[in-house]
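Here the structure is laid out as structure tokens; the discussion comes afterwards.
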Amino acid sequence: MLLKRILLLCVIVSLNACVSLPQKAFNKGAHDIKTIEVLPMANTEAQVSYPHPGLNFGLIGATVALAELNAKGNTLQKQLDAAQFDQYESFRVSFDKAMTERGYTLIWSDPVAAGKKDKTKRGAWNLRKSAQATDRADAQLDVNLVFYGYAASGAGKNSPYRPTISLAAQLFDASGKKKLFSDVVMYHNMGGIGSKAITIEPDPAFSYPKFDDVEAAGASVADGLDAAIRASAEAMARQL
């Protein structure tokens, strides 16, 4: 679990661009897809990220950094719980609307996301390593919130904490054997992933100079994340 969380930090903070970007453009004209089964999303909790100095000092430093970042993430999660914010429902509503407008019918799992004890094998970006065949739809979508929370690109008022989303997706055919599409949307791309990522600039209305300001904002931090998830969902839908 520790190495998995450090890998996630690697994705967000970009330690020497250690994880490649999964990208395969979708050729809509080549496929007669009208219904898509959305596979259960990976379990994701709110997180906080910034370039912690400990990340530059190997596993021991990363362990110290992870402890501090986890503590801030737990604080943020409590604020979102107080606001009764459901990140999966926020995504489902936004993505379903955007995909319906593009002519698709989505079949969602119930619940939308897997539990914490889910044993699904996943690789980088929380994407499944394989998919099973389905007779419920023309294709099946694996889409996940890799990171959702607040992040700062540096220290000080010039690098405030902003809502941050990493949304990864891959589309399989009904057999589960052929991958038709994959991509990543970055809302507040502070990870140095580069121009290949689908990047969305964060709403300046949600900007906090210090983490103390994030904490002081209380339940209103949910508004920033709701806007970020909505924009990310709409951007991903446009790729299909």
Test side chain to side chain contact (heavy atoms under 4.5 Å, CB included) applied to Val221 and Leu76, step by step: CA-CA 8 Å; Val221 295; Leu76 176 60; 3.8 Å; yes
Would you give the length of the straight line joining atom [atom1] of [X] to atom [atom2] of [Y], rounded to the nearest 0.5 angstrom?
X      : Y      : atom1 : atom2 : result
Gln84  : Glu89  : CD    : CD    : 13.0 Å
Ser232 : Met186 : OG    : CE    : 10.0 Å
Gln140 : Ser109 : CD    : OG    : 12.0 Å
Tyr187 : Arg162 : OH    : CZ    : 9.0 Å
Leu141 : Arg128 : CG    : CZ    : 10.0 Å
Trp125 : Ser166 : CH2   : OG    : 5.5 Å

Does a side-chain N-to-carboxylate-O contact under 4.0 Å join [X] and [Y]?
X      : Y      : answer
Lys116 : Asp118 : no
Glu234 : Lys97  : no
Lys78  : Asp81  : no

Within one Ile-Leu-Val-Met-Phe-Trp-Tyr cluster: [X] and [Y], side-chain cutoff 4.5 Å:
X      : Y      : answer
Leu69  : Leu225 : yes
Val93  : Leu106 : no
Val48  : Val214 : yes
Val38  : Phe172 : no
Tyr150 : Val185 : yes

Do [X] side-chain atoms and [Y] backbone N/O form a donor-acceptor pair below 3.5 Å?
X      : Y      : result
Gln79  : Gly218 : yes
Asp138 : Lys34  : yes
Arg136 : Ile107 : no

Set of salt bridge (Lys or Arg N to Asp or Glu O under 4.0 Å) partners for Asp173, sequence neighbours left out: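 So Asp173 forms no salt bridge (Lys or Arg N to Asp or Glu O under 4.0 Å) with any residue.
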Of all heavy-atom pairs between [X] and [Y], which one has the smallest distance, and what is that distance?
X      : Y      : result
Ala137 : Glu37  : CB-N, 3.5 Å
Ala228 : Pro163 : CB-CB, 4.0 Å
Ala42  : Asn126 : CB-ND2, 3.8 Å
Ile200 : Ala231 : CD1-O, 3.5 Å
Lys72  : Phe211 : O-CZ, 3.4 Å
Ser159 : Ala152 : O-CB, 3.4 Å

Decide yes or no for [X] and [Y]: does some side-chain heavy atom of the first lie under 4.5 Å from some side-chain heavy atom of the second?
X      : Y      : result
Asn144 : Arg122 : yes
Phe147 : Thr44  : no
Tyr104 : Thr35  : no
Leu240 : Met99  : yes
Phe85  : Ile229 : yes
Tyr161 : Ser207 : no
Ile33  : Leu180 : yes
Leu171 : Ile36  : yes

Six-ring centre of Phe181, Lys24 cation under 6.0 angstrom, axis tolerance 45°: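 Because its charged atom misses either the 6.0 Å distance or the 45° angle limit, Lys24 does not stack over Phe181.
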Pair Thr75-Glu215, side-chain hydrogen bond (donor to acceptor under 3.5 Å, both in side chains): steps then yes or no: CA-CA 7 Å; Thr75 296; Glu215 189 172 2; 4.9 Å; no
Steps toward ring pair (Phe, Tyr, Trp, His ring centres under 6.0 Å) verdict (His31, Phe26): CA-CA 9 Å; His31 307 284; Phe26 181 57; 5.8 Å; yes
Tyr88 and Asn43: CA distance, side-chain angles, deciding distance, side chain to side chain contact (heavy atoms under 4.5 Å, CB included) verdict: CA-CA 9 Å; Tyr88 308 118; Asn43 183 274; 3.8 Å; yes
Derivation of the side-chain hydrogen bond (donor to acceptor under 3.5 Å, both in side chains) call for Asp142 and Gln170: CA-CA 5 Å; Asp142 177 28; Gln170 58 183 349; 2.9 Å; yes
Candidate pair Ile198 and Gln239, rule side chain to side chain contact (heavy atoms under 4.5 Å, CB included), full reasoning: CA-CA 10 Å; Ile198 301 167; Gln239 311 312 308; 3.5 Å; yes
Stepwise side-chain hydrogen bond (donor to acceptor under 3.5 Å, both in side chains) check, Asp96 with Trp108: CA-CA 9 Å; Asp96 195 272; Trp108 293 87; 2.8 Å; yes
